[in-house]
Structure formats: structure tokens, C-alpha cells
Amino acid sequence: MRSLGVKIMPIYTIKLLKKEDIAEGTMAFHFEKPEGFAFKAGQFADYTLLNPSQTDEEGNVRGFSLASAPFENDLMSATRMRDTAFKRVLKDLPIGTEIKLDAPYGSFTLHKTETTPAVFLTGGIGITPVRSIIAQATKDKLPHKITLFYSNKTPKDTAFLNDLETFAKENPNFTFVPVMTRTILNEWNGETGHITSDILKKYVPDLISPIYYLSGPASMVATMRQILTEAQVNEDNIRTEEFSGY
Ligand SMILES: Cc1cc2nc3c(=O)[nH]c(=O)nc-3n(C[C@H](O)[C@H](O)[C@H](O)COP(=O)(O)OP(=O)(O)OC[C@H]3O[C@@H](n4cnc5c(N)ncnc54)[C@H](O)[C@@H]3O)c2cc1C
């Protein structure tokens, strides 16, 4: 997947340790972390299936964000389980199977200036790099003020909901704003509907100062960018990670 001119990273062979359902149609895959492997929260990896039982024209490699944080023991990625050859094989992969890891890549990482707030706007599977960043910021007790707006249809569709609620309890600098678009009455006490500039202003009174992070499929990133443009946010303060392939 990598383009010319990008620094070549070592390639590792790693074993699958665990797989779990984490939301409707969404699974997380835990792999062993290779000796000496280091990455920054928010980066991604290319995973290659070795001798898969089936394949298609899209091939045996996919890039997935590392949803685990650098301090955590395993490498973990999560994906929506669509019906493609790669994902059918991944879903049925026996524990202990070896795959190839080419990583880390990307610069979707938290800015250094502690006094500049960070605002994350994401939805669905776009949460993966954000989980890593917020888990690490919580562990490191970073002073950055972080606000996460996270859109899903219902709580059942919301990957890492429990983790994020726990980070919000542990980290006084982290404000978690889950937003559900299709909730049943009495099922959800939080924000509902779509993320709008009004919801943003409710939690981030000064919309001009933060650095904004948008992640997920290209259409989702475009929608989030539009919300920020409407709210008069400066383009220079918007960083994105587009999940090409969705
Ligand atoms: C930096 C980066 C980080 C990423 N991080 C993640 C991540 O954390 N988690 C994650 O899930 N993905 C992530 N992706 C996207 C990932 O690499 C895959 O492209 C994506 O998961 C789709 O893979 P697939 O096997 O489902 O579809 P593919 O086989 O790759 O599909 C190729 C094309 O076929 C079409 N297609 C296939 N199946 C369907 C379907 N059921 N419905 C509609 N269209 C379809 C789509 O148009 C798609 O463009 C990331 C991508 C990048 C570049």
C-alpha cells in the first residue's frame, strides 16, 4: 500500500492472539507485539494474510489503524466485517496464525503543544486511531484538553463505548460526547441526532483555538469537515486520517 518516497519500515511476522466482537458487525483482532516494535498513538499498520484460503482482486493486504495504545501489551485493530475475501479469512483465522505486519505509518498523532485543545470528530470505525490516542493520553496524564464527538446509530453499534466511558472517568481533561442518530426513546440519555455546529458549540465554547482531528471513511471525513467549515474553523487547524477502501 505504501507509496514511493516513504521510509521503509521493518516487516514483522506476528501471531493472532485473540478476536472479539466489539459492536454490531465489528470485530477487534489482537496480535502479539513484536520485540522492539514502537509506534505513536494514532498510527496505522499494513496487515498481510499469508497463504489465505481465498482472495479477490483487492488482494491480501489491508491498512488498519492501531486501536491499541503504545503502552498496551497487544497490537489491536478493529474493523467493520464486510463480506470481502480478506475479511472472511480474517474472521475465521485460527488463534496462533501468523500474519505479516508492516508498520508503523502515518502522522495522525496528537500535537505537542499542551495548551492547545484537541477536538476529535469521528463516527463508526473512524474511532480506531482515536481510541489509541485517548488511551495513551489518559495513561500519561497528559494536560491537553481533549473533546471527542463520536457518532453512531445506536449504543450497540458503538465500538469501544465502555473503554471511552472509562477514559472519561479517569482523565479529568477528557470530555466524551457520544452522539446517537437512531436511538429508541428511553434507551439513551446522551446527545442524539447528527453532529452539528450547535452540538460542537455546546461543549467547545471557543471553536477557533483547538486542533481538530477527523478520521474514518472519506465520506465521513468530508461530512465532518463541512461541519467545521460551517462553524468558521480555520482549515489549517484540521487534521485528517482517511480510511481509503470504504
Ligand atoms: C490509514 C488507513 C487506516 C485505516 N484504518 C482502518 C481501520 O482502523 N479499520 C477499518 O475497518 N478500516 C481501516 N482502513 C480501511 C481498510 O484499509 C479497508 O480498506 C477497509 O476496511 C475496507 O476493506 P474491505 O475488505 O471491507 O473492502 P475492499 O475489498 O478493500 O473493498 C474495496 C472496494 O470495494 C467496495 N466494497 C467492498 N465491499 C463492499 C460492501 N460490502 N459494501 C459497499 N462497498 C463495498 C468499496 O467501494 C471498496 O472501496 C484504513 C485505511 C487507511 C488508508
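What's counted below: heavy atoms across the whole structure, side chains too, no hydrogens, waters or symmetry copies. Just so you know, ligand 1 is whichever comes first in the structure, and atom 1 is the first atom listed for that ligand. Remember, predicted model here, so these are calculated numbers, not experimental data.
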Original post:
Have T55 and N60 got a donor and an acceptor in their side chains that come within less than 3.5 Å?
Top reply: yes
Original post:
Given S77 and Y47, is the side-chain hydrogen bond (donor to acceptor under 3.5 Å, both in side chains) satisfied, shown in steps?
Top reply: CA-CA 10 Å; S77 287; Y47 292 89; 2.8 Å; yes
Subject >> Close approach, S244 and ligand 1, non-hydrogen under 4.0 angstrom >> reply: yes
Subject >> ligand 1 N/O within reach of G245 N/O, cut-off under 3.5 Å >> reply: yes
Subject >> S68 (side chain) donor-acceptor with M76 (main chain) under 3.5 angstrom >> reply: yes
**OP:** Would you tell me whether D157 and T154 have side-chain atoms, one donor and one acceptor, within less than 3.5 Å of each other?
**Re:** yes
**OP:** For E242, counting its heavy atoms only, list the atoms of ligand 1 lying under 4.0 Å from any of them.
**Re:** 52 (C), 53 (C)
Original post:
Which bit of T84 gets closer than 4.0 Å to ligand 1, counting heavy atoms only: side chain, backbone, both or neither?
Top reply: side chain
Original post:
Under 3.5 Å, N or O to N or O, is F44 touching ligand 1 that way?
Top reply: no
Original post:
Would one find an N or O of E241, backbone or side chain, under 3.5 Å from an N or O of ligand 1?
Top reply: no
Original post:
Of all the heavy atoms in G63, does at least one lie under 4.0 Å from an atom in ligand 1?
Top reply: yes
Original post:
Is the closest heavy atom of I125 to ligand 1 under 4.0 Å?
Top reply: yes
**OP:** Check if A67 has a non-hydrogen atom at a distance under 4.0 Å from any atom of ligand 1.
**Re:** no
Subject >> Atoms in ligand 1 with a heavy atom of T128 nearer than 4.0 Å >> reply: 7 (C), 8 (O)
Original post:
Taking only residues two or more places apart in sequence, or in another chain, which ones meet F108 in a ring pair (Phe, Tyr, Trp, His ring centres under 6.0 Å)?
Top reply: Y213
Original post:
Does D83, backbone or side chain, put an N or O under 3.5 Å from an N or O of ligand 1?
Top reply: no
Subject >> Hydrophobic cluster of L17, others only, ordered by chain and residue number, side-chain cut-off 4.5 Å >> reply: none
**OP:** Heavy atoms only: give me the nearest S65-F44 pair and the separation to one decimal.
**Re:** CA-CB, 3.5 Å
**OP:** May I ask you to list the atoms of ligand 1 that are less than 4.0 angstrom from any heavy atom of A78?
**Re:** 7 (C), 8 (O), 9 (N), 10 (C), 11 (O)
Original post:
Any donor-acceptor pair under 3.5 Å linking the side chain of N173 with the backbone of L142?
Top reply: yes
**OP:** Report the member of K87, R88, R82 with the shortest heavy-atom distance to atom 37 (C) of ligand 1.
**Re:** R82
**OP:** Could you check Y150 against F160 for ring pair (Phe, Tyr, Trp, His ring centres under 6.0 Å), going step by step and ending with a plain yes or no?
**Re:** CA-CA 11 Å; Y150 181 25; F160 305 120; 8.5 Å; no
